[in-house]
Number of protein chains: 2
Amino acid sequence: MSRNRVTVVDIARAAGVSKSTVSLVLQASPLVNETTRAKVNAVIRELGYVYNRGAANLRQSASSRIIGIIVNDLTNSFFAELAVGMDMVMQSAGYVQFLSNSAESVDHQREVVASMREHGISGLIISPARGTEAADLKPLAASGIPVVSVVRNVVGAKVSSLVSDNYAGAKAAVAHLVSLGHSRIAFLGGIANTTVFAERVQGWRDALTEAGLEAPDMLVIGSTASRAGGVAAIQRALSLPAPPTAALCFNDAAAFGVCDGLRAAGKEPGRDFAVVGFDDVIEAETAVPALTTVSVDPQGMGRRAAQLLLKQINTGKVEPEAIVGSVRLVVRQSCGAGEKAGRTSA
Amino acid sequence: MSRNRVTVVDIARAAGVSKSTVSLVLQASPLVNETTRAKVNAVIRELGYVYNRGAANLRQSASSRIIGIIVNDLTNSFFAELAVGMDMVMQSAGYVQFLSNSAESVDHQREVVASMREHGISGLIISPARGTEAADLKPLAASGIPVVSVVRNVVGAKVSSLVSDNYAGAKAAVAHLVSLGHSRIAFLGGIANTTVFAERVQGWRDALTEAGLEAPDMLVIGSTASRAGGVAAIQRALSLPAPPTAALCFNDAAAFGVCDGLRAAGKEPGRDFAVVGFDDVIEAETAVPALTTVSVDPQGMGRRAAQLLLKQINTGKVEPEAIVGSVRLVVRQSCGAGEKAGRTSA
DNA sequence: GTAATTAATTGGATCGTTCCAAATCTGTCA
DNA sequence: TGACAGATTTGGAACGATCCAATTAATTAC
């Protein structure tokens with residue numbers, strides 16, 4: 001095959017200096033003379049030199065400038081946007097990322113984490129797969145690699161976390177539906193045994209009881225957190241003896257599915273049935289009807305997570321901190337409240 | 001703050017063998033005695049050793065087992081699924097990927113490519129940002145790194161490509177609309193000066209003329225290839241003096257936007273106006289009405305691209321090959337043709 | 001004109017692994 | 001017993017960059 005690659009030594013020889021000088025030029029050190037620097041840079045370009053980061057990272061001091069990102073479902077646009085937010089910050093900080101999709105498989109996730117360790121990542125942001133245990137992240141934290149867990153929490157793991165205020169968001173959403181006169185409000189979609197699900201259901205429940213309404217378990221209908229899951233959930237809901245007139249959905253994808261299901265059943269979302277989502281993905285705004293939803297700002301969350309990680313990498317301090325991002329209810333049309341008017345903060 | 005990592009030498013000392021033996025164990029070489037292997041493996045686990053791939057890659061022979069993936073818009077679920085398809089294949093072949101989002105910026109893309117080279121990727125799959133030139137990929141190909149370009153082509157670049165048959169797909173879709181009795185069929189959404197756009201419009205045009213219909217430029221309404229872009233395009237289309245009664249959309253995202261826009265204008269997609277998309281993203285099936293679309297199977301395409309790249313990496317042969325993936329029209333409800341019945345192949 | 005100071009440059013040694021050639025250790029057979 | 005083959009094991013020399021201490025060159029001070 002091709003190539004015996006060009007190394008610093010080749011550059012040095014061609015430029016008539018020592019490899020040490022070339023190294024200094026590569027690091028933009030102020031120690032080298034301007035003329036020398038210019039000559040070396042010229043040779044570098046001429047020979048098509050490619051910096052070998054692997055070799056550089058061998059010296060223990062250097063940091064790899066790679067950070068790992070693992071999300072549990074890239075096909076969900078919430079996570080795709082989350083990843084894009086991280087990308088922005090990391091890119092401009094001169095890091096590259098290893099982005100991987102665990103597809104909710106802890107095994108796959110374990111392999112990816114192992115592989116990332118072998119490649120010497122300097123930090124990890126992870127939206128953990130369902131069922132992730134503290135032990136899965138322990139080795140990383142133990143070897144001093146900062147870890148930030150986003151969206152979901154890993155109980156017992158000594159890592160920083162950035163989750164949104166699911167409880168408050170759900171509560172505000174339900175309170176809003178109550179204020180619109182609804183009394184049978186369902187909770188639709190989402191997989192039951194997750195923390196996020198539990199928190200949102202708790203918000204739903206508390207908002208109802210505080211309003212003096214019942215919160216029967218029958219009105220909590222789990223399924224997958226996807227469009228298809230939303231369709232299934234609303235079908236079940238409509239077939240109940242006393243069907244609900246409104247619903248808070250686990251996330252926006254499910255909410256869109258609920259809208260689809262309503263239409264399939266001859267009901268118009270926003271008019272015949274109030275729908276509220278959770279996340280505020282981009283499509284929420286342009287959909288018809290525009291989706292009333294609890295805004296989590298996935299890109300912003302991704303950016304914050306990245307910044308948090310960078311801070312930890314730079315300060316070298318890995319004191320875990322837990323941040324709960326505030327959320328706000330964005331009222332649009334799908335709840336039947338009216339125009340693209342009001343914005344209530346939660 | 002821990003540090004001084006565990007190395008092969010530490011393992012060797014603890015296990016009472018030489019580092020060479022440890023290295024052989026790491027590579028699962030058949031040369032080492034079973035008892036020795038067991039002891040070494042025990043020590044490895046005990047000391048929490050982490051293999052340092054960077055150091056291993058230093059020997060020129062080794063391949064990095066990293067492949068780069070660059071997509072131009074991760075928030076578009078088409079690309080997210082494409083990435084997921086690649087991930088599957090790469091993962092099971094023991095490769096890890098660097099996934100990055102160029103967000104349609106050639107500058108950003110250039111930086112990412114450079115960074116990937118420095119990290120010694122053994123191959124690259126790229127869905128190039130708009131405006132990518134052959135020169136952007138030349139250095140990679142020149143240093144013998146296999147490159148596969150997907151979805152879009154880079155003119156003049158000597159790299160393999162895997163694109164879908166945009167022309168045939170568009171033609172089949174329009175022919176189907178014609179067979180349903182439509183005669184004013186628009187082409188909505190998408191950014192005008194791209195190859196993909198041009199190919200799909202050409203298919204649209206040829207199908208119309210072959211059917212003896214007119215194909216006025218006025219009915220080609222570009223915008224962004226997103227949901228919002230679809231809304232904008234259909235609004236423009238409906239305000240024409242002689243508005244169309246059907247449309248082929250640039251992609252599914254735009255098609256969903258067109259449906260939204262139709263509803264906002266009081267028309268029901270599938271009944272009052274026929275809509276056909278392109279790509280067949282997962283939501284196309286569950287949406288209401290289910291979207292009639294040209295199926296490209298993004299995950300399958302991702303898998304094929306990954307396989308193509310692996311083949312090139314393994315054979316060491318980088319003869320560029322150009323593959324045009326066949327597509328098929330999936331007839332669902334949004335075109336008004338009827339049930340979730342027929343499937344016509346293109 | 002020499003010493004002291006500052007600016008540039010440069011040999012190694014080093015990082016953690018792989019790989020080759022050579023060394024050691026069996027056991028077998030004449 | 002000694003030669004010999006096969007099975008295991010093992011020192012070092014890479015790989016490509018960084019970094020320290022030391023050297024050389026240029027400048028200033030007295």
Side-chain angles (χ1 to χ4, degrees), chain A residues 1 3-41 43-44 47-66 115 117-122 143, chain B residues 2-41 43-44 47-66 115 117-122 143:
Chain A
M1 264 321 73
R3 253 22 40 91
N4 22 17
R5 49 188 164 193
V6 181
T7 79
V8 275
V9 185
D10 300 321
I11 303 294
R13 205 176 357 249
V17 296
S18 80
K19 62 182 165 43
S20 305
T21 306
V22 176
S23 175
L24 290 174
V25 170
L26 287 175
Q27 300 167 78
S29 158
L31 289 182
V32 325
N33 184 296
E34 269 317 314
T35 20
T36 329
R37 178 193 312 283
K39 183 168 51 184
V40 171
N41 276 325
V43 175
I44 284 178
L47 298 192
Y49 168 75
V50 182
Y51 185 78
N52 184 333
R53 237 165 245 283
N57 291 162
L58 219 42
R59 305 306 310 274
Q60 69 275 53
S61 51
S63 100
S64 71
R65 310 242 96 192
I66 303 181
S115 170
R117 285 189 78 194
E118 293 185 356
H119 281 101
I121 53 170
S122 16
S143 49
Chain B
S2 46
R3 238 19 47 67
N4 40 23
R5 46 189 166 194
V6 182
T7 80
V8 275
V9 185
D10 301 319
I11 302 293
R13 201 169 6 240
V17 296
S18 79
K19 61 182 166 40
S20 304
T21 305
V22 177
S23 174
L24 290 174
V25 171
L26 287 175
Q27 299 166 81
S29 158
L31 289 182
V32 324
N33 183 297
E34 270 315 315
T35 20
T36 330
R37 180 195 310 283
K39 184 167 50 183
V40 171
N41 275 326
V43 175
I44 283 178
L47 298 191
Y49 168 75
V50 181
Y51 184 77
N52 184 332
R53 235 163 246 282
N57 290 162
L58 217 44
R59 308 304 313 273
Q60 69 274 55
S61 50
S63 100
S64 70
R65 310 241 97 190
I66 302 182
S115 170
R117 285 189 78 195
E118 294 185 356
H119 281 101
I121 53 170
S122 19
S143 47

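Residue numbers begin at 1 in each chain, while the letters A, B, ... track the order of the sequences.
- Between D:dT9 and B:S18, no contact under 4.0 Å exists linking OP1 or OP2 to a side-chain N or O.
- Residues B:A55 and B:R37 both approach DNA chain D. Their nearest nucleotides, taken by heavy-atom distance, put B:R37 toward the 5′ side.
- Within the structure, a side-chain polar atom (N or O) of A:Q27 is placed less than 4.0 Å from OP1 or OP2 of D:dC19.
- Distances from the side chain of A:L24 to the nucleotides C:dT10, C:dG16, D:dC19 place C:dT10 closest.
- Taking atom CG of residue B:L26 and atom P of nucleotide D:dT9, one finds them 14 Å apart after rounding to whole Å.
- When B:I11, B:V40, B:N41 are each tested for a side chain to side chain contact (heavy atoms under 4.5 Å, CB included) with B:Y49, only one passes: B:I11.
- When distances run from any side-chain atom of B:T21 to the nucleotides C:dT9, D:dT10, C:dT18, the shortest one goes to D:dT10.
- Note on B:S23: a base of the nucleic acid sits closer than 4.0 angstrom, heavy atoms only.
- Residue contacts for A:V9: at a heavy-atom cut-off of 4.0 Å it reaches no nucleic acid atom on any strand shown.
- For the pairing with B:V22, the side chain to side chain contact (heavy atoms under 4.5 Å, CB included) check across B:V17, B:V43, B:V32 returns one residue only, B:V17.
- Counting any heavy atom pair closer than 4.0 Å across all strands shown, A:V22 reaches no nucleic acid atom.
- In this structure, CG on A:N57 lies 10.5 Å from CZ on A:R65, to the nearest 0.5 angstrom.
- For the pair A:E118 CD and C:dT17 P, the computed distance is 10 Å after rounding to whole Å.
- Between C:dG16, C:dT18, D:dA17, one nucleotide has an atom nearer to the side chain of B:R5 than all others, and that is C:dG16.
- Atoms CD (B:E34) and C1' (D:dT9) sit 15 Å apart, rounded to a whole Å.
- One can place CG of A:D10 at 11 Å from P of D:dC15, the figure rounded to the nearest angstrom.
- Rounded to whole angstrom, the span from the CG atom of B:L31 across to the C1' atom of C:dC25 amounts to 15 Å.
- Residue B:T36 places its side chain closer to D:dT8 than to any other of D:dT8, C:dT17, D:dT18.
- Look at CZ on B:R53: it is 14 Å from C1' on C:dT18, rounded to the nearest Å.
- Between the P atom of D:dT18 and the CD1 atom of A:I11 lies a distance of 13 Å, rounded to the nearest Å.
- Within the model, atoms CZ of B:R53 and NE2 of A:H119 stand 5.5 Å from one another, a figure rounded to the nearest 0.5 Å.
- Which of D:dT18, C:dT17, C:dT10 sits closest to the side chain of B:Y49 comes down to C:dT17.
- Taking only side-chain atoms of B:S20, from C-beta outward, the nucleotide of D:dG11, D:dA17, C:dT9 with the closest atom is D:dG11.
- The listed nucleotides are D:dT9, D:dA13, C:dG11; the one nearest the side chain of B:R59 is D:dA13.
- Following rounding to the nearest Å, A:N57 (CG) and C:dG16 (C1') show an atom-to-atom distance of 12 Å.
- Nearest to the side chain of A:K19, among D:dT18, D:dT8, D:dA17, sits D:dT18.
- Picking from C:dC15, D:dA17, D:dC15 the nucleotide with the shortest atom distance to the side chain of A:L58 gives C:dC15.
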